[in-house]
Amino acid sequence: EEEEEEDDDDDENDVEYDDEDAKGEVYGEPNRLKPQSREAQFRSEKLKMDSLLQRMQSGPVSVRVHDVIIKGNTKTKDHVIEAETEVLNNVGSMQELLKASQIVNLRLQALEIFDSVKITLDSGPPELPGTANVIIEVVETASPLSGQIGAYTKAEGMYLEDHISYSDLDTCRADARSSTVEGSLKYKNFFGYGDLWDGSLAYGYDHSAELSAGVFLPRFKGLVTPVTARAYLLSQDWLKFSSYKERSMGLSLGLFSTPYHDLAYNLAWRTLTDPSQMSSRSIRRQLGHNLLSSLKYTFKFDRRNSTMRPTRGYAFVSTTQIGGLTPDSRSLRFLRQEFDLRYVVPLGFYHAALNFGVSGGVVFPWGNGFSSRPSSLPERFFLGGNISPVCALGGPTALWGFKTRGLGPTEPKRQVNNENADPSGVDFLGGDLAVTALADLSFDLPFRWFREKGIHAHVFACAGNVAKLTENEYRNISVQKFVESLRSSVGVGLVVPTSLFRMELNYCYILKKLDHDRAKTGVWLTFSAAS
């Protein structure tokens with residue numbers, strides 16, 4: 001991680017070396033300049049700097065850090081800044097000191113509480129030759145309060161009919177179910193611990209809504225990793241797909257976070273309701289209140305050169321979640337495991353690359369009589385939504401050409417005496433076992449303008465399936481049955497990557513689907529955020 005930060009442009013890192021004080025102390029020569037004219041002194045200093053540069057080019061110049069001096073922090077606690085300078089303690093040469101100073105500069109800027117950061121390298125005390133002092137001057141932010149508002153479309157697909165009329169637009173909007181209007185406020189460094197406080201409100205066109213407030217602490221009580229806490233109110237509408245609405249009120253705590261590991265605890269009071277009174281029997285059994293108390297561990301490494309258009313590298317994600325950490329009888333007890341593996345092979349022509357991926361997941365209740373009990377509905381796996389599988393790193397979620405919650409076990413809805421009711425309506429129940437696989441060949445187009453904008457083409461294929469294991473259904477499933485019921489699709493499309501999302505205009509051809517699956521052959525437009 002540090003090497004990647006070191007390669008950033010030097011212009012972004014304000015690191016200086018104090019020429020006037022570098023008269024020899026850093027490199028072991030005592031400082032005994034005789035009085036001389038300003039011009040002669042300037043020439044002398046220039047010669048010494050030229051000599052220093054020549055020595056640095058020829059090999060390492062030995063030096064160690066004697067002291068780190070912090071200036072300008074009127075509100076921010078010293079230990080918050082000192083925690084980001086630990087890398088300076090391990091330097092042994094001037095070259096390492098310059099690189100470490102750049103890393104410190106980047107880390108301090110990443111705290112988002114300073115308008116500017118300036119680092120000066122000065123000579124150490126005369127009695128300690130071969131040492132240097134690092135002077136860090138910060139300017140705390142003049143505007144700690146900030147806010148933003150916007151409309152976003154996240155990671156869902158829109159199916160485009162060959163001929164779209166005004167009546168068809170409602171269907172398009174419903175399928176783009178993650179379109180939201182969001183607003184947020186952020187206050188920086190309220191207590192001087194580098195703390196970031198924020199509150200946000202989001203409302204989706206599918207009647208989903210979220211109100212949340214949280215805090216981020218880069219270093220808390222000497223912990224080596226950041227701590228996050230967030231309280232939230234969440235409402236999601238799944239009536240169209242599974243005949244229920246979900247409302248949650250809870251607290252999420254980030255306990256441990258590093259570049260590869262993440263540990264979080266979630267406590268929430270959740271309510272499932274069916275205002276339509278048409279849900280299937282399996283959905284009705286899940287309605288009511290329950291308590292979610294879970295611990296979630298994620299291991300992730302990503303060595304791909306890009307998340308929007310990977311052309312080389314590999315990535316792996318594993319997520320383990322255990323629920324039921326409270327003695328309450330309404331606490332959901334379950335074990336959930338997911339994994340996702342990606343490997344990208346560069347082909348060496350037209351910037352072409354072949355992206356392979358396989359992901360899987362399983363969820364199962366635990367406790368007395370676990371094999372005969374159903375799994376919790378929101379914890380099950382639902383495939384579809386036409387999220388681009390290239391960007392969806394984390395578990396089995398996406399299949400090209402299948403709509404949101406568009407495949408898997410189903411059950412007929414409750415029949416009512418209503419002329420407007422759909423007699424063939426079904427609820428998608430999700431599954432306890434899910435597997436997906438993809439192959440994606442991306443390549444440049446033979447047009448300069450497209451290459452300059454990053455617009456490229458791709459040919460893809462994907463397959464996946466979801467099955468039920470709980471309530472003793474695992475006895476009725478076999479590898480052969482699972483493979484025979486795999487859904488699959490192929491297609492070709494145009495990809496427009498941006499700094500915020502990846503847009504795909506694809507033609508998808510459905511190779512296999514079952515009777516109640518919501519999938520169509522045709523043109524699809526998708527927007528996917530980076531994984």
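Every heavy atom of this structure was used, including side-chain atoms; hydrogens, water molecules and symmetry mates were not. Source: prediction; values computed, not measured.
Judged as a side-chain contact (heavy atoms from CB on, under 4.5 Å), and not counting sequence neighbours, the contacts of L335 are I322, W366. The side-chain contact (heavy atoms from CB on, under 4.5 Å) check on D262 picks up S257, A264, T298, with sequence neighbours excluded. Applying the salt bridge (charged side-chain N to carboxylate O under 4.0 Å, His left out) criterion to E338, with sequence neighbours excluded, gives R336. With sequence neighbours left out, the ring pair (Phe, Tyr, Trp, His ring centres under 6.0 Å) criterion links F256 to no other residue. Contacts of K77 classified as salt bridge (charged side-chain N to carboxylate O under 4.0 Å, His left out), with partners at least two apart in sequence or in another chain: none. A search for ring pair (Phe, Tyr, Trp, His ring centres under 6.0 Å) contacts involving F447 returns F450, not counting sequence neighbours. Every residue was checked against the salt bridge (charged side-chain N to carboxylate O under 4.0 Å, His left out) condition with E127, not counting sequence neighbours, and none meets it. Listed by chain and residue number, nothing satisfies the salt bridge (charged side-chain N to carboxylate O under 4.0 Å, His left out) test with E137 (two or more places apart in sequence, or in another chain). With sequence neighbours left out, the ring pair (Phe, Tyr, Trp, His ring centres under 6.0 Å) criterion links F339 to no other residue. Here Y350 pairs with nothing under the ring pair (Phe, Tyr, Trp, His ring centres under 6.0 Å) rule; sequence neighbours left out.
Within the structure, salt bridge (charged side-chain N to carboxylate O under 4.0 Å, His left out) pairs that include any residue of residues 309-325 comprise R309-D444 (at least two apart or interchain). Judged as a side chain to side chain donor-acceptor pair (under 3.5 Å), the pairs with a partner in residues 78-87 (not counting sequence neighbours) are, in order, N73-D78.
With a 4.5 Å cut-off on side-chain heavy atoms, I70 and I135 do not count as touching. Proximity of V344 to L354: side-chain heavy atoms (C-beta onward) are nowhere separated by under 4.5 Å. Counting heavy atoms from C-beta on, the side chains of P226 and F216 come closer than 4.5 Å. Between L251 and N266 there is no side-chain heavy-atom pair separated by less than 4.5 Å. The shortest side-chain heavy-atom distance between F460 and V492 does not fall under the 4.5 Å cut-off.
The two residues A268 and L291 make their nearest non-hydrogen contact at O-CD1, 3.4 Å. Closest approach of G147 to L185, counting heavy atoms only: CA-CD2, 3.9 Å. The minimum heavy-atom distance linking L393 with A315 is given by the pair CD2-CB, 4.0 Å. The minimum heavy-atom distance between V80 and G192, with the atom names listed, is CG2-O, 4.0 Å. In this structure, V65 and L88 approach most closely via the heavy-atom pair CG2-O, 3.5 Å. Across all non-hydrogen atoms, the minimal contact from G361 to P396 is N-CG, 3.8 Å.
Residue D340 holds its CG atom at 8.5 Å from CZ of F316, rounded to the nearest 0.5 Å. Note that OG1 of T404 and CG of L383 are 11.5 Å apart. Values are rounded to the nearest 0.5 Å. Separation of atoms CZ (F381) and OG1 (T436) is listed at 10.5 Å; rounding is to 0.5 Å. Of the inter-residue distances, the one linking E182 atom CD with Q148 atom CD reads 8.5 Å to the nearest 0.5 angstrom. Summarising the geometry, atom OG belonging to S489 is positioned 9.5 Å from atom CH2 belonging to W524; distances are rounded to the nearest 0.5 Å. Atom CG of L295 and atom CG of L267 lie 12.0 Å apart (nearest 0.5 Å).
For the 3.5 Å distance criterion, the side chains of S388 and T526 fail to qualify, holding no donor opposite an acceptor. Side-chain contact annotation: T76 with N189, donor-acceptor N/O pair under 3.5 Å present. S208 and Q236 are not linked by any side-chain donor-acceptor pair at a separation below 3.5 angstrom, with hydrogens and angles left out of the test. For the 3.5 Å distance criterion, the side chains of S331 and T326 qualify, holding a donor opposite an acceptor. A donor-acceptor contact under 3.5 angstrom links the side chains of S293 and Y265, judged on distance only. Judged by distance alone, the side chains of T141 and E112 never bring a donor and an acceptor atom under 3.5 Å apart. Counting only N and O atoms by type, the side chains of S123 and N133 include no donor and acceptor under 3.5 Å apart.
Under the 3.5 Å distance criterion, the side-chain polar atoms of N105 are left unmatched by any main-chain donor or acceptor of S101. For E140 (side chain) and K75 (main-chain N/O), a donor-acceptor pair under 3.5 Å exists by modelled atom type. The backbone N or O of G454 lies less than 3.5 Å from a partner atom in the side chain of H456, making a donor-acceptor pair. Between the side chain of D115 and the main chain of A142, a donor-acceptor pair closer than 3.5 Å is present. Panel note: side chain S306, backbone M308; a donor-acceptor pair is recorded below 3.5 Å. Although no hydrogens or angles enter the test, the distance criterion places no donor-acceptor pair under 3.5 Å between the side chain of N506 and the main chain of C508. Remark: side-chain polar atoms of R342 are paired, donor with acceptor, to backbone N or O of V390 under 3.5 angstrom.
Crowding of Y193 atom OH: a count of heavy atoms from other residues, nucleotides or ligands under 6.0 Å not exceeding 12. No more than 12 heavy atoms of other residues, nucleotides or ligands sit less than 6.0 Å from atom CZ of F190.
Under the 30°/60° scheme for interplanar angles, the aromatic rings of H458 and W400 are found to stand perpendicular.
Salt-bridge annotation for R230 and D198: present, with a side-chain N of the basic residue lying under 4.0 Å from a carboxylate O of the acidic one.
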- Task: Tell me, with the steps shown, if Y260 and F301 meet ring-ring contact (aromatic ring centres under 6.0 Å, His included).
- Result: CA-CA 6 Å; Y260 300 109; F301 65 85; 7.1 Å; no
